[in-house]
Amino acid sequence: MLLSPYPTIGERIRVALLWLWGALVVAFLMVPILVPVPLSFNSGAFFVFPLEGLSTRWYEVVLGTDRWQTAIGNSLIIAFGTTALATTLGTLTAIALSSDRFPARRIIMPLVISPLIVPVVITAVGSYLFYARVGLASTYLGIILAHTALASPFVVVTVGASLTGFDRNLMRAASIAGAKPVVAFYRVMLPLILPGVLSGAAFAFVTSFDEVVVAQFLASANQRTMPLEMFIGLRERLSPAITAAATLMMLLSIILLVVANLLARRGARKVKTFA
C-alpha cells in the first residue's frame, strides 16, 4: 500500500489546531508583558484604555527628572558591578567544577546553583541580617555582593556549558610549550569559551538590573534602583511614568537576552568547528 505524500484533511486539522494552541499559549504569556507598552505612550495622567492620545511625555519624565535619573544611575552602577564580579567568580567556579579531579564536585555544584531555587525573599532577609552586622547594609557594595550571589549561578551554568566541548589537552600542550597557567588561560581557553562568558555576563546584568526584592531590603533612600523606584511608585504615586520605565527595562532585557542567545549559538558553532 502506497502512502500519499500529501497530508490528509485530518492531519491538516491537527496541525492547525496545534498551531492555534501554541499561539494562544504565547499570547497568554506575552500579553501581560506587552500591556505597559501602549500605556507608556498615553498622553493622559491615568491608566486608561482606550488611550486619550499618543505622547512621549512619560519617557521624558523617566529620562529627564532627577528622581528617575538617580534610580537609573544606581541600577547601572549596581548592575555593572554585579556583572564584573559575578562573571569573574562564575567563570573561575565553572572552570574548577568542570575538572574531573575537583573533589566533591557533585555536592558543590547544587550548592553553587542553589540561589536559582531558593526564594529571593529568603536570600534578601539573610543578606540584610548578615550585612547589618558587618556594616554592609545600605551600601552599594552590599547590594552588589547580594546580587552577585543571585547572578553567579547563571554564569556558572553558561560557562560550564561552553566547557563541555573544551579539550583540556590544549592547556597541557600550552604548558608543555612553556606557557604559564594564566597565559594559557588568556591565550587558549578564554578565546574558546568567550561566547559563554559573555552570555553569562548578559544574564548577570539582566538579573541585577531587574532585581527588586534584595534592593528593597538593602538599599537606602539614595540607592533606590529603577525597579525599586517603580515598586515604590506603585504604592505612593501611581503614574504612567512607571509604564515607560517598565518598557525601557523590558527593551534592555530583550536586547541583552537576544545578544546572549546569539553568543551561545556562536560558541556552539565554534566548538563544533574546532572539534
Side-chain angles (χ1 to χ4, degrees), residues 32-37 39-40 56-90 115-116 119-121 123-128 131 136-155 158 197-260:
I33 300 175
L34 297 178
V35 164
V37 177
L39 284 174
S40 66
T56 59
R57 57 178 293 194
W58 302 117
Y59 289 94
E60 297 173 1
V61 170
V62 172
L63 299 176
T65 58
D66 293 337
R67 179 170 62 90
W68 284 103
Q69 288 178 351
T70 301
I72 294 173
N74 289 335
S75 291
L76 292 176
I77 292 172
I78 294 171
F80 279 118
T82 300
T83 301
L85 191 57
T87 303
T88 302
L89 296 178
L116 298 177
V120 180
V121 66
T123 303
V125 173
S127 299
Y128 173 75
Y131 291 162
L136 288 176
S138 300
T139 64
Y140 286 106
L141 180 59
I143 302 174
I144 290 173
L145 291 176
H147 281 188
T148 299
L150 298 175
S152 294
F154 292 98
V155 182
T158 54
V197 174
L198 295 178
S199 178
F203 280 109
F205 185 93
V206 172
T207 300
S208 176
F209 195 82
D210 292 346
E211 203 283 323
V212 65
V213 179
V214 171
Q216 190 173 5
F217 276 84
L218 297 179
S220 66
N222 296 325
Q223 295 165 348
R224 291 178 178 176
T225 60
M226 197 171 178
L228 182 56
E229 190 66 43
M230 293 170 57
F231 180 78
I232 294 174
L234 286 173
R235 294 188 307 175
E236 299 178 358
R237 42 184 178 274
L238 196 59
S239 168
I242 298 173
T243 61
T247 302
L248 293 174
M249 290 182 60
M250 181 173 57
L251 180 62
L252 178 61
S253 299
I254 290 174
I255 292 174
L256 289 176
L257 292 178
V258 169
V259 170

Problem set entry | side chain to side chain contact (heavy atoms under 4.5 Å, CB included) between Leu248 and Val62, intermediate numbers included | CA-CA 9 Å; Leu248 293 174; Val62 172; 4.0 Å; yes
Exercise. Given Tyr59 and Thr247, is the side chain to side chain contact (heavy atoms under 4.5 Å, CB included) satisfied, shown in steps?
Worked result: CA-CA 9 Å; Tyr59 289 94; Thr247 302; 3.3 Å; yes
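Within the 4.5 Å cutoff, the side chain of Glu211 has no heavy atoms near those of the Ile143 side chain. Considering only heavy atoms from C-beta on, Leu116 stays 4.5 Å or farther from Leu150 through its side chain. Counting heavy atoms from C-beta on, the side chains of Pro32 and Val35 never come closer than 4.5 Å. Side-chain contact check for Ser75 versus Phe209: some heavy-atom pair is nearer than 4.5 Å. With contacts defined as side-chain heavy-atom distances shorter than 4.5 Å, the pair Met249/Met230 qualifies.
Leu89 meets the side-chain contact (heavy atoms from CB on, under 4.5 Å) test with Leu85, Thr148; sequence neighbours excluded. In this view, Thr158 and Ser199, Phe203 satisfy the side-chain contact (heavy atoms from CB on, under 4.5 Å) rule, not counting sequence neighbours. Under the rule for a side-chain hydrogen bond (donor to acceptor under 3.5 Å, both in side chains), the partners of Gln223 that lie at least two apart in sequence or sit in another chain are Ser220. When the ring pair (Phe, Tyr, Trp, His ring centres under 6.0 Å) test is applied to Tyr128, no partner is found at least two apart in sequence or on another chain. Residues passing the ring pair (Phe, Tyr, Trp, His ring centres under 6.0 Å) test with Phe80, sequence neighbours excluded: Phe205. In this structure Ser253 satisfies the side-chain hydrogen bond (donor to acceptor under 3.5 Å, both in side chains) test together with Asp210, sequence neighbours excluded. Legend: residues meeting side-chain contact (heavy atoms from CB on, under 4.5 Å) with Ile77, ordered by chain and number and at least two apart, are Tyr140. Looking at residues two or more places apart in sequence or on another chain, you find no side-chain hydrogen bond (donor to acceptor under 3.5 Å, both in side chains) involving Thr70. Shown here are the side-chain contact (heavy atoms from CB on, under 4.5 Å) partners of Ala124, two or more places apart in sequence or in another chain: Val213, Val214, Phe217. For Ser138, the side-chain hydrogen bond (donor to acceptor under 3.5 Å, both in side chains) test picks out no residue, with sequence neighbours left out.
Of all heavy-atom pairs spanning Gly142 and Leu218, the tightest one is O-CD1, 3.9 Å. Between Val155 and Ala204, the shortest heavy-atom contact is CG2-CB, 4.2 Å. Of all the heavy atoms in Ala79 and Thr83, the pair that sits closest is O-OG1, 2.7 Å. Of all the heavy atoms in Thr243 and Ser40, the pair that sits closest is OG1-CA, 3.2 Å. Considering all non-hydrogen atoms of both residues, Ala241 and Trp68 come closest at CB-NE1, 4.3 Å.
Just one of Ser208, Ser127, Ser152 meets the side-chain hydrogen bond (donor to acceptor under 3.5 Å, both in side chains) condition when paired with His147; it is Ser208.
Distance CD/Glu229 to CD1/Ile242: 9.0 Å, rounded to 0.5 Å. In this structure, the separation between CD1 on Ile72 and OG1 on Thr65 is 8.0 Å, given to the nearest 0.5 Å. To the nearest 0.5 angstrom, Phe231 atom CZ is 8.0 Å from Leu228 atom CG. Atom-to-atom distance recorded for Met250:CE and Leu34:CG is 5.5 Å, nearest 0.5 angstrom.
Using modelled atom types, one side-chain atom of Gln69 and one backbone atom of Leu63 make a donor-acceptor pair closer than 3.5 Å. Within the 3.5 Å criterion, the main-chain N or O of Leu136 finds a donor-acceptor partner in the side chain of Thr139. Checking side-chain atoms of Glu60 against main-chain N and O of Gly64 turns up no donor-acceptor pair under 3.5 Å.
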